[in-house]
Amino acid sequence: FILSPHDHRTLYLGGNYLFKSTDQGETWRILSPDLSTADTAFVNPWSGGITRDVTGAETHASAFTISESPLVPGVLWVGTDDGNVQLTRDDGRSWTNVRTNVPGVPEHRWVSRVEASHFDAGTAYLTFDGHRSDDFHPYVFRTTDYGRTWTSLAAGLPDGGPVRVIREDAKNPDLLFLGTEFAFYASVDRGESWHRLMNGLPTVPVHDIVVHPRDNDLVIGTHGRGIWILDDITPLQQLTPEVMASDAYLFVPRAAYRMHSIVGGPRPNATATINYFLRESPEGPVRVEILDSQGQTVRALRGTGSAGINRVSWDLRYEGPMEAQIRTKPPGNPTVVEEARFRTQWEREGWIPVLSWGTQGGFQGITVAPGSYTVRLTVGGGQYDQELE
């Protein structure tokens with residue numbers, strides 16, 4: 001069941017036929033012939049062995065994945081759970097089963113995902129999941145000619161991990177995401193190589209992937225009944241061979257939003273994420289500065305120096321004021337408390353106050369005004385600037 005990327009009132013629904021509604025589901029019409037194999041082994045309700053399978057889990061032969069080209073209305077791909085890959089280029093008036101053009105995949109393998117490209121109407125991505133047939137190989141393919149030929153993209157993926165879903169990024173044609181039974185992967189070269197992208201994600205089947213079109217957050221749905229979000233994938237979208245060959249690179253940051261609570265209680269977490277790439281860990285410090293339109297430093301942050309992509313966050317505030325320290329507790333003043341939680345930082349800086357005023361989180365700077373700021377990365381003798389809205 002999908003929404004058309006061209007018209008929010010148009011919906012598609014997959015059974016063994018493809019159904020279409022142009023009035024948000026009030027009425028429907030059949031858009032295709034039977035797109036499945038109609039194999040009686042799959043549609044027989046008396047499956048399941050000695051007793052009838054009353055759950056319907058063994059009774060299928062229907063569309064499992066649908067994708068409409070974001071570029072050309074009416075170019076529709078449908079993959080079925082009994083192995084067919086159907087294509088129409090004229091909004092359902094004629095259909096072609098391109099499944100026989102896919103090399104090296106046994107018949108009746110479940111089509112787990114078909115993904116129409118955001119950049120070329122003839123390009124699509126295809127995955128199969130064969131674990132129901134005791135086939136645990138990863139099957140990943142790409143076509144650039146409307147399914148006449150297919151190229152395998154499974155090189156480098158471990159055997160034994162069936163593929164559940166593939167997704168193409170909407171801003172970078174070389175950036176692909178892949179969910180398998182055991183891991184999550186990303187490719188920055190259009191599927192020529194894959195990299196595990198777990199970063200705290202447990203070993204769990206990844207069944208669906210969405211890249212938020214406005215916020216560039218990567219959202220996945222798992223068979224562990226979890227929704228996991230990788231905030232701000234703009235550095236992945238901007239990662240190119242030229243970036244990875246450079247000593248350092250500051251990515252263009254996404255727009256940051258300053259939020260304010262109107263109902264009281266805790267303030268929303270409003271931050272700007274600043275991402276940069278380092279080919280190697282530098283010997284010296286990594287400095288990140290926020291400058292205003294006059295070039296004055298608003299905030300100085302200490303960056304991390306790991307090889308690869310690094311991230312620091314700015315809370316959209318100026319530097320906070322120095323906290324006044326006292327060495328003796330005023331008689332009868334209960335608001336002066338020992339702040340042991342600040343001692344670690346103070347000890348590193350070489351001075352240990354005895355008492356401080358209780359401030360529930362320390363002294364914060366005021367929030368900055370909306371506008372344009374400059375992010376400046378200084379590392380290894382180089383300086384890199386990008387604009388931040």
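Only heavy atoms go into these numbers, but all of them, side chains included; no hydrogens, no water, no symmetry mates. Keep in mind the model is a prediction, meaning the values are calculated, not measured.
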Q) Are D81 and S62 close enough, and set up right, to give a side-chain contact (heavy atoms from CB on, under 4.5 Å), and what steps lead you there? A) CA-CA 6 Å; D81 55 19; S62 61; 3.5 Å; yes

Q: Carefully, step by step, assess D217 and R254 under the rule salt bridge (charged side-chain N to carboxylate O under 4.0 Å, His left out).
A: CA-CA 11 Å; D217 289 341; R254 69 176 181 180; 2.9 Å; yes

Q.
For a side-chain contact (heavy atoms from CB on, under 4.5 Å) check, start with the C-alpha distance between R142 and T123, then their side-chain angles and the critical distance, and finish with the verdict.
A. CA-CA 7 Å; R142 179 184 63 229; T123 296; 4.2 Å; yes

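For S133, the side-chain contact (heavy atoms from CB on, under 4.5 Å) criterion is met by R109, not counting sequence neighbours. Residues passing the salt bridge (charged side-chain N to carboxylate O under 4.0 Å, His left out) test with E280, sequence neighbours excluded: none. With sequence neighbours left out, N216 forms a side-chain contact (heavy atoms from CB on, under 4.5 Å) with K171, I233, T234, Q237. Legend: residues meeting side chain to side chain donor-acceptor pair (under 3.5 Å) with D208, ordered by chain and number and at least two apart, are R113, R167. Here S306 pairs with N310 under the side-chain contact (heavy atoms from CB on, under 4.5 Å) rule; sequence neighbours left out.
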For residues 153-165, run the donor-acceptor check on the side chains, cut-off 3.5 Å, and write out each pair with its distance to 0.1 Å, sequence neighbours left out.
unit_1, atom_1, unit_2, atom_2, d
D159, OD1, H137, ND1, 2.7
D159, OD2, H137, ND1, 3.1
R164, NE, E181, OE1, 2.8
R164, NE, H207, NE2, 3.3
R164, NH1, D129, OD2, 3.2
R164, NH2, E181, OE1, 2.8

Per-pair distances, 0.1 Å, donor-acceptor, side chain in residues 195-205, under 3.5 Å, sequence neighbours excluded:
none

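For the pair E319 (side chain) and A300 (backbone), a donor-acceptor distance under 3.5 Å is present. R311 places a side-chain N or O within donor-acceptor distance of the main-chain N or O of D232, the cut-off being under 3.5 Å. A donor-acceptor distance shorter than 3.5 angstrom exists from the side chain of N84 to the backbone of L35, with no hydrogens or angles considered. For H212 (side chain) and R214 (main-chain N/O), a donor-acceptor pair under 3.5 Å exists by modelled atom type.
A salt bridge (Lys or Arg N to Asp or Glu O under 4.0 Å) check over residues 22-43, counting only residues at least two apart or in different chains, returns the pairs R29-D91. Applying the ring pair (Phe, Tyr, Trp, His ring centres under 6.0 Å) definition to pairs two or more places apart or across chains, those involving residues 84-109 are F42-H108.
Alongside W150, the hydrophobic cluster contains L71, V72, V75, W77, V85, L87, V98, V102, V105, V111, V114, L126, F128, Y139, F141, Y146 (criterion: ILVMFWY side chains under 4.5 Å). In this structure, L278 belongs to a hydrophobic cluster whose other members, linked by side-chain heavy atoms under 4.5 Å apart, are L250, I274, Y276, V286, V288, I290, V298, L301, V312, W314, L316, Y318, I366, V368, Y373, V375, L377, V379, Y384, L388. Clustering of Ile, Leu, Val, Met, Phe, Trp and Tyr side chains at separations under 4.5 Å places W28 together with F1, L3, L11, L13, Y17, F19, I30.
In this structure, W110 has its ring center at least 6.0 angstrom away from the ring center of H131.
A salt bridge links R287 and E289; the closest N-O separation between the charged side-chain nitrogens and carboxylate oxygens is under 4.0 Å.
For the residue pair T127/S112, the side-chain donor-acceptor check at 3.5 Å is satisfied.
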